[in-house]
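Please read the structure below before turning to the comments.
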Number of protein chains: 2
Amino acid sequence: MRHKSYACSFGCSVEAAIEAIGGKWKGVILFHLMDGTKRFNELRRLMPSVTQRMLTKQLRELERDGIVHRHVYAEVPPRVEYRLTAFGETLEPILKELEAWGSQYLNKLAALRSEKE
Amino acid sequence: MRHKSYACSFGCSVEAAIEAIGGKWKGVILFHLMDGTKRFNELRRLMPSVTQRMLTKQLRELERDGIVHRHVYAEVPPRVEYRLTAFGETLEPILKELEAWGSQYLNKLAALRSEKE
DNA sequence: CGGTATCCGCGTTGATACTG
DNA sequence: CAGTATCAACGCGGATACCG
């Protein structure tokens, strides 16, 4: 799914953007990181329905894509903090708009359902 | 994947938004529909790598979600046109920003690769 | 023209157990 | 605390064929 060849020229940057942030939990992860640096288990607590495996995987992809920075402290017990990179921060306005739009969308879905009853 | 219960309160509207537009081809479809009404095979020509099955499926989901309107003309041969709904049009600024960001992102990926060589 | 129907591979995800 | 490893299951998506 990831890292296909983006040979096409038009509309594909939209696709690339959606691939970067459209992973199953990435939007929510990024949204929480907009609040500031978070530790691994902090994120887990914020997203209880995400398994540890998936959280790790999504964070690694975001790191690979230059959106999230991972800082490992050489301590015992281990401490790992995640934060947006400068590039990741350029997503903030988009994430905020997505949240606003998503909220409208959820309202609309709820309205559609209640009018069917 | 779709129509989970959105019981949670925070960050989930981002998730909902991404689920609505994050389908494999939805971003590109919507981007093309921003140009104006398109017939089914017009969209196919604009996105040659999308199979007919997938295009149909994604369009049906966008229709169900109130983002795209499907107009069937009672003609022979059949004619079906797709266009953004009023609600779908509220996505336009977001899609444009996603495209701009995606373009930056692709540049960044290309830079990362070339500096590894 | 604009779809459905069916089959199936394979990637993604979850569950569980283990670790430095 | 913050992961990795392994295995099994599920479902997305492609290929192909057929239809009104």
Side-chain angles (χ1 to χ4, degrees), chain A residues 1-8 12 15-16 18-29 32-33 36-65 68-83, chain B residues 1-5 8 12 15 18-30 32-33 36-65 68-83:
Chain A
M1 170 185 181
R2 230 127 259 286
H3 281 174
K4 291 185 296 199
S5 63
Y6 293 112
C8 46
C12 278
E15 201 187 338
I18 289 183
E19 285 213 13
I21 67 166
K24 199 168 185 184
W25 307 103
K26 289 183 185 173
V28 195
I29 292 172
H32 286 303
L33 289 182
T37 299
K38 295 270 181 299
R39 296 182 60 167
F40 185 76
N41 275 357
E42 251 181 301
L43 288 171
R44 287 196 75 185
R45 255 171 272 122
L46 290 166
M47 296 175 278
S49 57
V50 188
T51 62
Q52 186 175 40
R53 187 181 119 88
M54 269 302 103
L55 184 55
T56 303
K57 207 173 153 249
Q58 303 271 294
L59 283 167
R60 288 292 140 86
E61 288 183 9
L62 289 168
E63 185 192 3
R64 185 202 60 197
D65 293 345
V68 158
H69 179 75
R70 177 169 177 260
H71 188 80
V72 184
Y73 292 84
E75 300 176 357
V76 177
R79 181 161 126 239
V80 180
E81 290 185 346
Y82 294 91
R83 61 173 173 77
Chain B
M1 169 184 182
R2 228 128 257 288
H3 281 175
K4 293 183 294 198
S5 63
C8 46
C12 279
E15 200 188 339
I18 289 184
E19 285 213 11
I21 68 165
K24 196 166 185 183
W25 308 103
K26 288 182 186 173
V28 195
I29 292 172
L30 293 172
H32 286 303
L33 289 182
T37 298
K38 296 270 180 300
R39 296 183 60 168
F40 185 77
N41 275 357
E42 250 181 302
L43 288 171
R44 289 196 73 183
R45 255 170 272 124
L46 290 167
M47 297 175 276
S49 57
V50 188
T51 62
Q52 187 174 39
R53 186 181 118 89
M54 270 301 103
L55 184 55
T56 303
K57 207 171 151 250
Q58 303 272 297
L59 283 167
R60 288 293 140 86
E61 288 183 8
L62 290 168
E63 186 193 3
R64 185 203 58 197
D65 293 345
V68 157
H69 179 75
R70 177 169 179 260
H71 188 81
V72 185
Y73 292 84
E75 300 175 359
V76 178
R79 183 162 126 237
V80 181
E81 289 185 346
Y82 294 90
R83 60 174 174 77

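Here is the naming used below: chain letters follow the sequence lines, and residue numbers restart at 1 for every chain.
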Spacing of A:Glu61 atom CD relative to D:dG3 atom P, expressed in whole Å: 15 Å

Side-chain contact check for A:Lys24: nearest option of C:dG14, D:dG3, D:dA2 is C:dG14

Nearest of D:dG14, D:dT4, C:dT12 to any side-chain atom of A:Lys57? C:dT12

4.5 Å side-chain heavy-atom contact, A:Leu59 and A:Arg70: no

Starting at atom NE2 of B:His71, determine the distance to atom P of C:dG3, rounded to an integer number of angstrom. 13 Å

Once you round it to whole Å, what is the distance between P of C:dG2 and CD of B:Glu42? 9 Å

Assign each of A:Gln58 and B:Val72 the nucleotide of DNA chain C bearing its closest heavy atom; nearer the 5' end lies the nucleotide of B:Val72

If you assign A:Arg60 and A:Pro77 each to the DNA chain D nucleotide with the nearest heavy atom, which residue ends up on the more 5' nucleotide? A:Pro77

Distance check needed: C:dT4 C1' versus B:Met54 CE, whole Å only. 13 Å

Within the 4.0 Å heavy-atom criterion, would you say B:Tyr82 contacts the bases, only the backbone, or no part of the nucleic acid? sugar-phosphate

Return the value, rounded to whole Å, for the distance between atom CD of A:Gln52 and atom P of D:dC1. 11 Å

Among D:dG3, C:dT12, D:dC1, which nucleotide has an atom closest to any side-chain atom of A:Val80? D:dG3

Are B:Leu46 and B:Ile29 close enough that some pair of their side-chain heavy atoms sits under 4.5 Å apart? no

When A:Arg79 and B:Thr51 are each assigned the nearest nucleotide of DNA chain D, the 5'-most assignment goes to A:Arg79

Atom-to-atom span, NZ of A:Lys38 to C1' of D:dA2 - whole angstrom: 17 Å

Using the six-membered ring wherever Trp is involved, compare the ring planes of A:His71 and A:Tyr73 and label them parallel, tilted or perpendicular (cut-offs 30° and 60°). perpendicular

For the side chain of A:Thr56, starting at C-beta, report the closest nucleotide among C:dC1, D:dT4, D:dG13. D:dT4

Picking from C:dC1, D:dA2, D:dG14, the nucleotide nearest the side-chain atoms of B:Pro78 would be C:dC1

Check A:Gln58 against A:Trp25 and note the closest heavy-atom contact, atom names and distance. OE1-N, 3.1 Å

What's the CG-C1' distance between A:Leu59 and D:dG3, to the nearest Å? 11 Å

Within this structure, what is the CZ-to-P distance between A:Phe40 and D:dA2, rounded to whole angstrom? 8 Å

As a test of reading the structure: which of C:dG3, C:dG14, D:dG14 is closest to the side chain of A:Arg53, going by heavy atoms? C:dG14

Classify A:Arg44 by what it touches in the nucleic acid, base, sugar-phosphate, or nothing, heavy-atom distance under 4.0 Å. nothing

Hey, which of A:Ile21, A:Val68, A:Leu33 is the one that makes side chain to side chain contact (heavy atoms under 4.5 Å, CB included) with A:Leu62? A:Val68

